[in-house]
Amino acid sequence: MSLRRSLYEALAQAPHVKIISPPPDSPLASQLLCFTVPDRDRDQQLLRRLTEDKILARGSGGIYKLGIHLCVCDVHIERFVNSLRKGLA
């Protein structure tokens, strides 16, 4: 769950992000992290950036869903975080 913790911490520090998933130390924590960007313009800006960077992170209803699977590594987390920062700048 260290990758999830890294991702959660990056989301927690990102401006304009509201995390929906439980924190890493919660017994309800899973390998799925969900968040929203309440500001519609910033949400669309982030969605465009993630699409340009070929990162699939969108669910439905404005909720981004990120899965941490066996094939995900630190490089993938860093790539997403870089896209997130650019998309919300």
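Computed from heavy atoms alone, side chains included, the values below leave out hydrogens, waters and symmetry copies.
Taking every heavy atom of both residues into account, A29 and P22 meet most closely at N-CG, 4.1 Å. Closest non-hydrogen pair, R4 versus L32, comes out as NH2-O, 4.0 Å. The minimum heavy-atom distance between V81 and A10, with the atom names listed, is CG2-CB, 3.5 Å.
Atoms CD1 and CG, from I68 and L7 in turn, are 4.5 Å apart once rounded to the nearest 0.5 Å. For the atom pair CD1 of I55 and NE2 of H76, the computed distance is 9.5 Å after rounding to the nearest 0.5 Å.
Residues passing the side-chain contact (heavy atoms from CB on, under 4.5 Å) test with A14 are V17, L84, L88, sequence neighbours excluded. Partners of D41 by side chain to side chain donor-acceptor pair (under 3.5 Å), not counting sequence neighbours: none found. Taking the side-chain contact (heavy atoms from CB on, under 4.5 Å) definition, one finds that L56 meets it with nothing, sequence neighbours left out.
For residues 29-53, the ring pair (Phe, Tyr, Trp, His ring centres under 6.0 Å) pairs, not counting sequence neighbours, are F35-Y64. Among residues at least two apart or in separate chains, side-chain hydrogen bond (donor to acceptor under 3.5 Å, both in side chains) pairs with a member in residues 8-22 are H16-R42. Screening residues 80-89 for side-chain hydrogen bond (donor to acceptor under 3.5 Å, both in side chains), with sequence neighbours left out, gives D53-S83. Sorted by first and then second residue, the salt bridge (Lys or Arg N to Asp or Glu O under 4.0 Å) pairs involving residues 20-40 (not counting sequence neighbours) are R5-D25.
Of the candidates I19, I20, L66, C34 forms a side chain to side chain contact (heavy atoms under 4.5 Å, CB included) with just one, namely I20.
The closest donor-acceptor contact from the side chain of Q45 to the backbone of G87 lies under 3.5 Å.
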